[in-house]
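These notes are about the structure you will find just below.
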Amino acid sequence: MRLIERLAQSDPPQAKDAEHLAELLAYSAKLVRGIVRDRLAELAADEVTGTPLHQVRQEFRDVLYSHPEAGGYSATDFDDLFSSAFAQTLAFGLLLVREATGGKPVDRNAYEQMPKEHPLMRTALRVLSLPEVAAEVGIGFQVMLQTVNGFDPNILTIRKDGSDPILYFYEFFLETFDPAARERYGVYYTPVEVVRFMVGALDRALKQDLKTKGIVDPAVHILDPATGTGTFLLGVADRLRREVSETDGPGQAPAALRGLASRMYGFELLIGPYAVAHYRLHHTLARDKDGKIDPTFRLPRLGVYLTDTLAEPNAAAPAGALGFVSDGIQDERAESNRIKTQQPILAIIGNPPYRRLEVGENESLVGRWMDGVWDDLKKPVRDAGWGNQLNTFPELSVAFWRWAMWKLFEAENAPKKGVIAFISNRKYLTGKPYAGLRKMLRERFDRIEVYDLRGDGRAGERAGVEGDQNVFNILTGVAITVAIADGSRADGDLAQVDYVDAWEQGRASQKSKLAWLLEGESEGALPGAVIVDRGLLDDMRPAPFLNGELLSVADCFAYTRGGMQTKRDDFIYAFSEAQLADRIKAFIASSDAEAQAMFHSTGENHWSDAKAVPFAAGHIMQASYRPFDRRVIYNHRAYGAYLRQDMQSLWGASNAALYAMKGGTGAGPAVWCHGLMPDYHGFRGSYGGYAFPLYDRRPGHGPHNLKPELVTALSDAYGSEVTPEAVFDVILALLSATSYTTRFAEDLEDVFPHIPFPADRAVFDAAAAVGAAIRAVQTFTRPPGEPFTKGIALAQTAPTGKLRPIDPRDLDGAALTLCENGSGLIAPIPREVWDFAVSGYRVVPRWLAARAGLDATAPDFIPQLRDLVGRVGELIDLNLHADSLLIQTLDDPLSRDSLGFASADAASETAAPEDE
């Protein structure tokens with residue numbers, strides 16, 4: 001502490017520019033945050049309560065942060081949240097006062113100089129400056145004052161090129177103050193390129209469709225319902241300043257900005273970003289034509305309010321113990337409620353938070369009122385018979401979409417027209433859970449523009465799309481949506497949906513996407529739109545697979561089901577019957593504590609129930625665990641969560657099944673053929689999948705699982721009979737073709753693979769032959785062909801130990817060492833075999849990695865490895881043959897109509913119940 005005091009008494013470093021100032025301010029704020037947090041911990045340890053610092057903490061908890069969960073914060077560690085909010089509010093409050101007073105130094109009474117247009121900021125700064133509270137913060141308050149007073153205000157002046165030096169000020173601040181904050185609460189920052197494009201689109205729609213003068217029109221009121229640090233409001237101000245400077249001269253810009261300030265609003269839930277927003281807006285709006293702060297300049301009350309957007313308007317809210325704070329917050333709430341309920345808003349813009357809600361979070365994050373309001377987005381889904389899909393519906397951005405439509409169309413004085421421009425989770429564009437949202441959008445708006453920026457980080461690489469990145473540093477894919485209600489749509493018609501795909505425009509990297517958006521900033525639009533002419537509940541993307549002309553794999557089979565899901569793979573799967581038998585016997589013989597640790601109970605299975613079942617060798621069954629990876633499983637319902645007894649009955653003594661994913665299929669084959677009961681993750685090792693068996697062995701069913709009408713339709717199309725086995729093999733061949741997932745990368749994102757059946761019978765027969773060979777290789781019906789094993793993957797040296805952990809990077813040229821001691825050199829392994837993958841699942845390296853620790857000297861280990869390498873090599877060759885047939889097929893495929901199948905949409909695909 002003495003060191004800190006000596007540092008505080010020395011001259012502070014002089015900030016060179018805005019970025020340096022942000023860094024210095026962040027260091028000071030970190031000091032304040034640490035002091036406040038440590039002091040609270042000391043008081044708690046001493047069991048001291050009721051201090052002035054505690055009173056301020058309680059005021060923050062009850063009044064300013066009554067709903068921290070909705071902002072992405074944990075309510076269980078409020079000291080951490082309070083300390084952070086205390087430091088940020090103090091830092092940006094003092095900075096705001098210094099700017100507003102023309103650069104004069106600030107002191108502990110700075111709140112008295114806070115401009116009247118920031119009434120709640122004045123109150124908050126007054127609370128933090130109370131003598132008793134400042135005393136608790138001690139040297140931290142002094143260091144903060146020195147930092148705020150220790151820079152030349154000219155470094156924050158608008159530059160000659162018109163750029164604002166504080167544009168990324170909060171980003172720079174967070175990099176030092178809380179480096180993890182951007183990932184933890186990505187709601188704070190939106191790239192300027194995104195903001196400029198969206199503001200341009202909003203301005204264009206207001207002019208072109210709503211017949212106003214755009215954002216400069218005095219009658220246009222604008223709202224950001226999740227404003228964060230005010231980035232979109234600053235973007236509106238920046239475009240207005242540039243437009244007015246160009247049309248009326250720079251001397252008119254300050255007056256135009258002052259007018260904008262009286263009709264531009266933002267709602268923010270958290271006091272930290274709220275304080276930053278007030279500072280940034282004052283910094284931008286209170287400048288003269290030369291870009292300098294005019295201390296005599298008075299803005300109207302800034303319309304950024306500390307409020308919960310999704311809370312019921314005019315609902316009772318808690319009041320704190322400090323009367324002057326309650327007065328300030330009550331005034332804030334009254335005005336924000338007026339804007340919510342009475343102020344006509346024509347333009348809504350922003351980046352609402354996106355987060356899938358967990359069970360029980362509806363009330364804490366969305367609130368009871370909105371939970372009731374958005375039920376009309378669920379009802380169409382239930383009415384369509386998809387109610388079981390609603391478990392993925394609760395998503396925070398959906399709540400903001402519903403609120404924005406309530407504001408435009410249902411609130412008191414609602415204009416029943418206007419524009420919503422949101423960048424949000426792109427998931428709503430597709431899938432059954434969001435069909436009700438798409439329905440309401442299509443019914444209430446006249447035109448909807450979708451700019452799909454993609455960037456789904458969790459989905460992995462797409463075939464043919466290299467390096468897809470998000471415009472944010474997050475994993476959730478996003479899309480910009482501009483929804484326009486101007487009254488131009490005829491009664492009974494649905495909104496026209498115009499869809500622009502970043503991938504189709506060759507934009508994959510973050511840099512290229514941002515540059516693309518900047519190209520469209522001026523016009524507020526981008527070329528390449530495709531009209532999406534689909535039904536009320538359908539996806540808001542073009543119909544996949546030749547505009548809906550092809551049959552889905554789900555259309556072709558009568559029965560489909562997800563594979564076996566155990567919830568404890570490491571326990572009930574093994575590589576040999578002996579290994580599994582020993583494990584199950586040991587489990588049954590173990591103590592209760594040991595059994596509990598081994599089993600890992602879930603809601604579906606409890607360790608005690610499994611332990612009570614006597615061991616029986618008959619329960620050990622072979623299964624297809626992953627592509628080319630067969631294992632054994634202990635097949636008893638007490639052990640596995642979903643062992644698919646119905647599909648086991650269908651399977652019979654022998655069968656084969658195509659296995660595919662309902663969306664997210666990446667590079668490599670689009671289906672896999674398993675000859676044993678498949679695991680749930682049997683396609684790519686994650687994200688599940690569905691089996692489409694060839695035969696149905698159940699009494700009274702089958703004998704085939706392919707729909708008879710498909711087999712009949714193909715026979716009619718060719719003028720001669722085709723067999724179900726041939727149809728199955730054609731599907732397998734064409735969906736395994738080397739280029740299939742590249743050609744249909746965008747289509748495979750959300751739906752099952754679709755089949756282009758050839759119109760030419762000769763091509764059909766050739767594809768059936770290739771598919772039969774693929775089926776034989778993948779199901780281990782025969783060994784791989786000699787050309788793919790002779791001289792391949794030979795044991796150059798004998799292994800003398802256990803298999804070491806294998807990594808995909810371990811292939812040295814064409815050689816692989818199996819054991820840690822350097823023994824067991826296998827070569828040559830062709831690079832294309834080593835790299836072969838199914839939607840990112842590297843088959844050979846993953847097979848080896850799963851067996852780390854096994855005895856590499858076992859007599860069957862190297863033969864199994866050589867067999868695997870040979871099968872992969874032959875499969876690569878067969879997939880190339882299939883590709884030439886796919887190319888011929890795509891020249892003239894049979895459409896679903898020609899096969900007698902009614903027009904169907906991706907949203908209507910049937911699949912297994914979502915019990916996985």
Side-chain angles (χ1 to χ4, degrees), residues 461-464 545 550-554 556-557 624 626-629 656-675 678 682-685 689-694 706 724-745 747-748 751-758 763-782 784-785 788 832-833 835-844 868-890 893:
E461 289 281 335
R462 294 291 194 275
F545 295 100
L550 304 185
L551 284 176
S552 165
V553 66
C556 301
F557 293 83
S624 289
R626 300 288 184 266
F628 284 143
D629 190 347
L658 302 179
Y659 207 76
M661 291 173 63
K662 190 181 181 182
T665 306
V671 295
W672 193 267
C673 187
H674 288 298
F683 182 71
R684 55 159 293 180
Y690 293 92
F692 300 91
L694 171 56
L706 280 124
E725 288 82 2
V727 176
F728 183 93
D729 291 335
V730 167
I731 295 172
L732 176 58
L734 296 178
L735 299 189
S736 299
T738 304
S739 70
Y740 178 88
T741 51
T742 300
R743 294 174 185 273
F744 297 108
D747 300 325
L748 288 164
V751 296
F752 282 120
H754 284 51
I755 306 102
F757 284 106
V763 177
F764 177 92
D765 290 339
V770 172
I774 293 174
R775 173 154 60 108
V777 170
Q778 290 185 346
T779 61
F780 295 83
T781 303
R782 64 165 174 79
F788 306 99
E832 64 269 20
V833 170
D835 290 340
F836 176 78
V838 180
S839 289
Y841 180 88
R842 301 275 293 276
V843 173
V844 175
L868 171 66
V869 170
R871 289 184 187 279
V872 172
E874 184 170 3
L875 183 62
I876 292 171
D877 183 68
L878 288 169
N879 291 351
L880 283 169
H881 285 297
D883 203 52
S884 64
L885 298 170
L886 175 66
I887 293 170
Q888 295 177 59
T889 297
L890 290 175

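Atom-to-atom distance recorded for Cys673:SG and Ile774:CD1 is 9.5 Å, nearest 0.5 angstrom. With rounding to the nearest 0.5 angstrom, the CG atom of Leu886 is 6.5 Å from the CZ atom of Phe744. Between the OG1 atom in Thr889 and the CZ atom in Phe757 there is a gap of 10.0 Å [rounded to 0.5 Å]. Going from atom CG of Asp729 over to atom CG of Asp765 covers 11.5 Å, rounded to the nearest 0.5 Å.
Not counting sequence neighbours, Asp747 has no partner by the side-chain hydrogen bond (donor to acceptor under 3.5 Å, both in side chains) test.
Of all heavy-atom pairs between Ala726 and Ala768, the closest is O-CB, 3.9 Å. Listed here is the closest heavy atom pair of Gly666 and Ser839: N-OG, 2.7 Å. The nearest pair of heavy atoms linking Ala837 to Pro669 is O-CD, 4.0 Å. What you find for Ala670 and Thr741 is that their closest heavy atoms are CB-CG2, 3.9 Å. Closest approach of Ala733 to Ala767, counting heavy atoms only: CB-O, 3.3 Å.
Put simply, the side chain of Glu874 never gets that close to the backbone of Pro784: no donor and acceptor are under 3.5 Å apart. A donor-acceptor distance shorter than 3.5 angstrom exists from the side chain of His674 to the backbone of Gly682, with no hydrogens or angles considered.
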* Asked: Does the side chain to side chain contact (heavy atoms under 4.5 Å, CB included) test come out yes or no for Tyr740 and Leu734, once each step is laid out?
  -> CA-CA 7 Å; Tyr740 178 88; Leu734 296 178; 5.8 Å; no
* Criterion side chain to side chain contact (heavy atoms under 4.5 Å, CB included) on Phe836 and Val844, from CA distance to verdict -> CA-CA 8 Å; Phe836 176 78; Val844 175; over 6 Å; no
* Just do the side chain to side chain contact (heavy atoms under 4.5 Å, CB included) check on Leu706 and Ile731 with the steps written out, would you? => CA-CA 11 Å; Leu706 280 124; Ile731 295 172; 4.3 Å; yes
* To do: Mind running side chain to side chain contact (heavy atoms under 4.5 Å, CB included) on Val777 and Arg782 for me, showing each step along the way?
  => CA-CA 6 Å; Val777 170; Arg782 64 165 174 79; 3.6 Å; yes
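Within the 4.5 Å cutoff, no side-chain heavy atoms of Tyr659 are placed close to those of Val671. Residues Ile755 and Cys556 are in side-chain contact: their nearest non-hydrogen atoms beyond the backbone lie under 4.5 Å apart. Taking the side chain as every heavy atom from C-beta outward, Phe764 and Leu885 never approach each other to under 4.5 Å. For the pair Phe545 and Ser552, the minimum side-chain heavy-atom distance is 4.5 Å or more. In this structure, Gln778 and Leu732 have side chains that are in contact, with non-hydrogen atoms separated by less than 4.5 Å. By the 4.5 Å heavy-atom criterion applied to side chains, His754 and Leu748 are not counted as neighbours. No side-chain heavy atom of Ser736 sits less than 4.5 Å from a side-chain heavy atom of Leu878. Inter-residue side-chain proximity for Leu694 and Arg775 is flagged as met; some heavy-atom pair is nearer than 4.5 Å.
With 3.5 Å as the limit, one finds no donor-acceptor pair spanning the side chains of Asn879 and Thr738. Checking Arg743 against Ser739 by side-chain atom types alone, a donor-acceptor pair falls below 3.5 Å.
With Tyr690 as reference, Phe752 is the one residue of Phe752, Phe557, Phe683 to meet the ring pair (Phe, Tyr, Trp, His ring centres under 6.0 Å) rule.
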